[in-house]
Each structure stands twice: as C-alpha cells, then as structure tokens.
Amino acid sequence: MASEVVLLDFWPSMFGMRVKIALAEKGIKYEYKEEDLRNKSPLLLKMNPVHKKIPVLIHNSNPVCESLIAVQYIDEVWKDKAPLLPSHPYHKAQARFWADYVDRKIYSGGRKVWTTKGEKQEAAKDEFIESLKVLEGELEDKPYFGGETFGFGVIREVWTFERRKPEGAN
Ligand SMILES: N[C@@H](CCC(=O)N[C@@H](CS)C(=O)NCC(=O)O)C(=O)O
C-alpha cells in the first residue's frame, strides 16, 4: 500500500522549508495543506495539540511534529534514497549538535535583530554576526556545511530557500 503523506505548513516558514527540502530530496509525493496561523485548522490543533505549530508531517495519519524531528523521521523511513544524516554515530551526533545550534543561536539571534530597536538591536546584530562566524568556522572549506554531500547540514542552514507562495495561499 502506498503511504499517505500530508504536510501542514505556512509557506514562508523556514521550519516548514526544512521538511519540504527533505521530502523533495527523497522524491516523496505529498499533499500540501496551507495553514492560516491566525485561524488554525481543527486538523492542526488535533495533530499538534502540544505546540499547535506548523510544520506537521502526517504519515499514514500519524503526526510528526517539530521540523528537525520530521526531517530525521523522513530520513529513517525513506532510507534508500539521498541519506540526510551521516551513518556514523559520532558524525550523526555532530550534525544534531549543529542543528541544535542553529535553532538556539541563529534563529533566536535573527529574531532578536528584527524584533528590537536602537541599542538593543545593535547588540543583537553583533551577537548574530558572532554566531554566524562560529558557523562559518565550522564550514571551513567543505563544499557543504557538515560534510562533502548535501544533507541534514544543508537542510538546517537553508534560511533563504526560495519562498514561493503556493497558489491559494493568503
Ligand atoms: N521548533 C519548531 C518551530 C515551529 C514554529 O515556530 N512554527 C511557527 C511558524 S514559523 C508557528 O507555527 N507559529 C504559530 C504559533 O506560534 O502559534 C519546529 O522546528 O518545527
């Protein structure tokens, strides 16, 4: 039986983009459902009752919440094509460490820059640039962040992936 995959998302969400990139890399067909975050659908509230956030990957009616958990789930279920995480436990741990770093430092640092003003914003900018330098240092001269091939590392760092509004989106 073909598996049924649904993605609850909001088109500009960088968290949603991670999951869309993972699905695209694996060549998985799925149904895309755009959410209005000011008026969340009963399906979203049912599938993610804890955080009530997108993205939610629904696989054969089972919800998988949190973007990085969904990316790892996709990698484990569709393991025959385009591996996203390294197979070696240590390298896998490193990939997870840097994914966590991006969520803690880059996302929250960027958010601070665009939600503050004046001196606080200047301090936030400096902190954000320092966090980017740390990432840059980790990249060194590798063709892709986190390794030699496209994978988990690229997915977590893609912030400006083409944000194309799907037809019918608000
Ligand atoms: N840690 C979550 C973050 C998801 C997130 O923040 N989603 C936002 C949209 S970008 C959302 O659904 N916000 C609605 C709300 O907070 O009520 C993940 O990685 O999936």
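Order of appearance sets the numbers: ligands from 1, and atoms from 1 within every ligand.
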For side-chain contact (heavy atoms from CB on, under 4.5 Å), just list the numbers for E66 and F15, CA-CA rounded to whole Å, side-chain angles, deciding distance to a tenth of an Å, and then say yes or no. CA-CA 8 Å; E66 288 294 310; F15 299 107; over 6 Å; no

Whether E35 lies under 4.0 Å from ligand 1, heavy atom: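 Distance cut 4.0 Å: E35 fails for ligand 1.
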
Distance check, rounded to the nearest 0.5 Å: D103 atom CG versus M14 atom CE? 8.5 Å

Quick one: CD on E35 to OG on S13, what's the gap to the nearest 0.5 Å?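 With rounding to 0.5 Å, CD (E35) is 11.5 Å from OG (S13).
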
Could you identify the single nearest non-hydrogen protein atom to atom 16 (O) of ligand 1 and state the distance to 0.1 Å?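 Going atom by atom, the protein heavy atom closest to atom 16 (O) of ligand 1 ends up being K53 CE, 3.3 Å.
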
Specify the protein heavy atom at minimum distance from atom 19 (O) of ligand 1: its residue, its atom name, and the distance to 0.1 Å. S67 OG, 2.6 Å

Could you tell me which atoms of ligand 1, counted from 1 in the order shown, lie closer than 4.0 angstrom to a heavy atom of P55? 20 (O)

For residues L37 and L45: do they belong to one hydrophobic cluster (side chain heavy atoms under 4.5 Å, members Ile, Leu, Val, Met, Phe, Trp, Tyr)?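 No, no single cluster joins them.
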
Does I69 share a hydrophobic cluster with V5, counting links as ILVMFWY side-chain heavy atoms below 4.5 Å and allowing steps through other members?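 Looking at the clustering, V5 is in the same group as I69.
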
Greater than 12 external heavy atoms within 6.0 Å of K40's NZ: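 Check passes, neighbour count above 12.
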
Any nitrogen or oxygen of D103 lying under 3.5 Å from a nitrogen or oxygen in ligand 1? Just yes or no.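 No; every N/O pair is 3.5 Å or more apart.
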
What about S13: any of its N or O atoms under 3.5 Å from an N or O on ligand 1? no

Classify the angle between the aromatic ring planes of W114 and Y107 as parallel (below 30°), tilted (30 to 60°) or perpendicular (above 60°).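 Answer is perpendicular, since the angle exceeds 60°.
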
Nearest non-hydrogen contact with atom 15 (C) of ligand 1 belongs to which option: K40, E66, R111, M17?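 Nearest heavy atom to atom 15 (C) of ligand 1 lies in K40.
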
From V71, I54, I69 - option closest to atom 4 (C) of ligand 1 by heavy atom: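 Of the listed residues, I54 has the closest heavy atom.
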
Using heavy atoms and a threshold below 4.0 Å, how should the contact between M14 and ligand 1 be classified: side chain, backbone, both, or neither?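 Neither part.
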
